[in-house]
Enquirer: 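I'd like to ask you about the structure that follows.
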There are 2 protein chains.
Amino acid sequence: METSHRNLTQQLVHELGKAIMQEKYPVGSSLPSEADLCSQYGISRTATREAVKMLTAKGLISSRPRQGIKVQAIKRWNLFDTDVLEWVLHGKPDLYMLRHFLQLRLALEPEAAYLAAQYADQEDLVQIEAALVRMKDATNGYDDTHEADIAFHQSVLSASGNPFFSQLKTFIATALKVNIRFTNRMIPVTLVEYQAHADIFEYIKNKQPQLAFDAALVTQKATLAIVNKQIEELEASTN
Amino acid sequence: METSHRNLTQQLVHELGKAIMQEKYPVGSSLPSEADLCSQYGISRTATREAVKMLTAKGLISSRPRQGIKVQAIKRWNLFDTDVLEWVLHGKPDLYMLRHFLQLRLALEPEAAYLAAQYADQEDLVQIEAALVRMKDATNGYDDTHEADIAFHQSVLSASGNPFFSQLKTFIATALKVNIRFTNRMIPVTLVEYQAHADIFEYIKNKQPQLAFDAALVTQKATLAIVNKQIEELEASTN
DNA sequence: AAAAATTAATTGTATTATAAATAGTATTGT
DNA sequence: ACAATACTATTTATAATACAATTAATTTTT
C-alpha cells in the first residue's frame, strides 16, 4: 500500500483506518490507549495523537479523558472520505455493501450524465472520449478493463460541472472495485458494454440530456437487478 | 456557534474552517505558520498542530515543511463532511452553489423515497409520520417550518436502509438551509407542499416505490427549475 | 442505602529540543 | 553566462517531559 513515503502520523492513520475496517477494532470497542499505541508502533505521543485527531476528523473514532479511544457507530463515519473509501476495500467483501454502492450509483450516474449533457465543455468531452478509447482497447486486451471503466465514469462526473458530483469520483471508483471483488476473474469489457458507454458519450456530446440519462439508467438498473437477485437467492438458501 | 464547551483544538478547527469558507484564506493562499497561529490564538503548538491535522484530514489544507499551510483546491475538500457543510453556511450566499445542491438532491431524493418504500421498517414509518405531523402543525404556525421539513427528508433517507443515503442527511439539511437563505423571509409551509410530502409518505407506507419516486421527483424538478430560471435571468441581466 | 469525597486512569495542553524537508541563495566549475 | 552544486534559513515533523482537566471507579461518610 506504499506507506513508506508517508510520515509517521499518516502511516498510523492508515494502519488504524484499515484495522477498523477489518473489524480488528469493531464498532463500539476501544482502541489501545495513546500510551499503548506509542509503544506498539514505537512512535512518540505527538505523532500518535495527531493520527488519532485525523481519524476523529473522519468520524471513525472519538477520544475522551478516562474513556479512551472508541470506534464510532458507522453512521458517524465519513463514508465519502477518500481514505475511508480506500480502507473499505480492506474490509470483508459484503454483498449488502455492494448493493448499497449500486443503489447510490443508480441515483447518481443517470443525473450526472444528464448534467454532463447540459454543461460539459470541450475539455470534458476530450476526457470522456479518451476513456472510451481505452475501453475500446480493453475489448481487444490492449488496456486495463477496470481502470478504463473507472476513468469513463469519473470523467462524466467531472463533466457535470457540479463539485458535489465531482467529489463522488472516489465513491464510484470504489463501487466499481467492490463489484470486481464479486466477479473474481478479470472480465473483459464486452462490445455490448462498450457500446452502452459509447451511446452515453454520444448523447452527452450531442447535448441530449434525457437520452443520456435514460442510457445510464438502464445500465445501472441492470447491474443492481443482478445483485438484488443474488441477495434473494442467498437469503432463500439461508432460511 | 457554541464553541465554549469545545476544547482548544476543536475551537481552532472551527475558526479556521469558517475563515476558509469566508475566503479570509482563499484557495491556494497560505495560512499563518504554526508559530503565528499559536501566538494569534494564544495556544500551544500541540493544540495548533492537532487542529491543522484535522483540517488536513477533511481535505481543506495541506502542510509541508518550508512551504507552510496552504488552502487546497475545492475538489480536494470533503464536501460531504458534516463540519465542512456547516462551515459552508458561513460562506457567501451563492446561487450557483444552491443549484449544485439542488442538482444532487434531484438525484438523491427520489431514489431515497424509492428505497424507503422498499425497505422502511415500522420504526422508520413512525419517524417519517412524526415529521409529517410537525409539518402539518407548521402550516398552522405551531412548529418550525424548516426544521420539520428537514426532519421529514432526513427520516426518508434513514428509511432507505442504506448507510450512504443516511450519511447524506447533513447534506440535505444544509441544502435546505442554503435554500432558506435565498428566500429571506420565513415562508410557512403551504398546504400544497404539505400534501406533496404526505403523498410521499403514503406511497412509502403502502410500499409503492415507483409512485414515491415520481412524487419526490416532481417536487425536486420544480425547485431546481425555479433556481435555473433565476440564474438565467441573472446571467441575462449581467450580459 | 444514598450521597459525598477521594482516587486513579486517560486524554488535553504546554514547553522545549532536535530532526527532516525544502525553497531560496550563494558558490563553484566550465 | 550558464548550469550544476553546495549552503543556508525557514517551516513542519517528531520526540520527550511535565502538568492540567476530565471522569470512571472506589472509598468514605452520613
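Residue numbering restarts at 1 for every chain, and letters A, B, ... go by the order of the sequence lines.
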Enquirer: Show me the pairs that pass ring pair (Phe, Tyr, Trp, His ring centres under 6.0 Å) and involve residues 61-82 of chain B, at least two apart or across chains.
Expert: A/Phe80-B/Phe80, A/Phe164-B/Phe80, B/Phe80-B/Phe171
Enquirer: Under the salt bridge (charged side-chain N to carboxylate O under 4.0 Å, His left out) test, which residues partner B/Arg64, sequence neighbours left out?
Expert: none
Enquirer: Tell me the interatomic distance from B/Tyr41, atom OH, to C/dT13, atom P, rounded to whole angstroms.
Expert: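 Spelled out: OH on B/Tyr41 to P on C/dT13 is 16 Å.
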Enquirer: Mind checking what makes side-chain hydrogen bond (donor to acceptor under 3.5 Å, both in side chains) contact with A/Lys169, not counting sequence neighbours?
Expert: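 Partners of A/Lys169 by the side-chain hydrogen bond (donor to acceptor under 3.5 Å, both in side chains) criterion, ordered by chain and then number, come out as A/Ser158.
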Enquirer: Pull out every protein N or O sitting under 3.5 Å from an N or O of nucleotides 10-20 of chain D, one pair per line with the distance.
Expert:
| from | atom 1 | to | atom 2 | distance (Å) |
| --- | --- | --- | --- | --- |
| D/dT10 | O4' | B/Arg66 | NH1 | 3.4 |
| D/dT11 | O2 | B/Arg66 | N | 3.4 |
| D/dT12 | OP1 | B/Glu34 | N | 3.4 |
| D/dT12 | OP2 | B/Glu34 | N | 3.2 |
| D/dA13 | OP1 | B/Ser63 | O | 3.3 |
| D/dA13 | OP2 | B/Arg49 | NH1 | 2.8 |
| D/dA13 | OP2 | B/Arg49 | NH2 | 3.1 |
| D/dA13 | N7 | B/Arg45 | NH2 | 2.9 |
| D/dA13 | N6 | B/Arg45 | NH1 | 3.2 |
| D/dT14 | OP1 | A/Leu8 | N | 2.6 |
| D/dT14 | OP2 | A/Thr9 | OG1 | 3.0 |
| D/dA15 | OP2 | A/Ser44 | N | 2.7 |
| D/dA15 | OP2 | A/Ser44 | OG | 2.8 |
| D/dA15 | N7 | A/Thr46 | OG1 | 2.9 |
| D/dA18 | N6 | A/Arg45 | NH1 | 3.4 |

Enquirer: Could you tell me the separation between the NE2 atom of B/His5 and the P atom of D/dA21, rounded to a whole number of Å?
Expert: 19 Å
Enquirer: A/Arg99: what forms a salt bridge (charged side-chain N to carboxylate O under 4.0 Å, His left out) with it, not counting sequence neighbours?
Expert: none
Enquirer: Taking salt bridge (charged side-chain N to carboxylate O under 4.0 Å, His left out) as the definition, give me every residue that meets it alongside B/Asp83, ordered by chain and number, with sequence neighbours left out.
Expert: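 Per chain and number, B/Asp83 pairs via salt bridge (charged side-chain N to carboxylate O under 4.0 Å, His left out) with B/Lys58.
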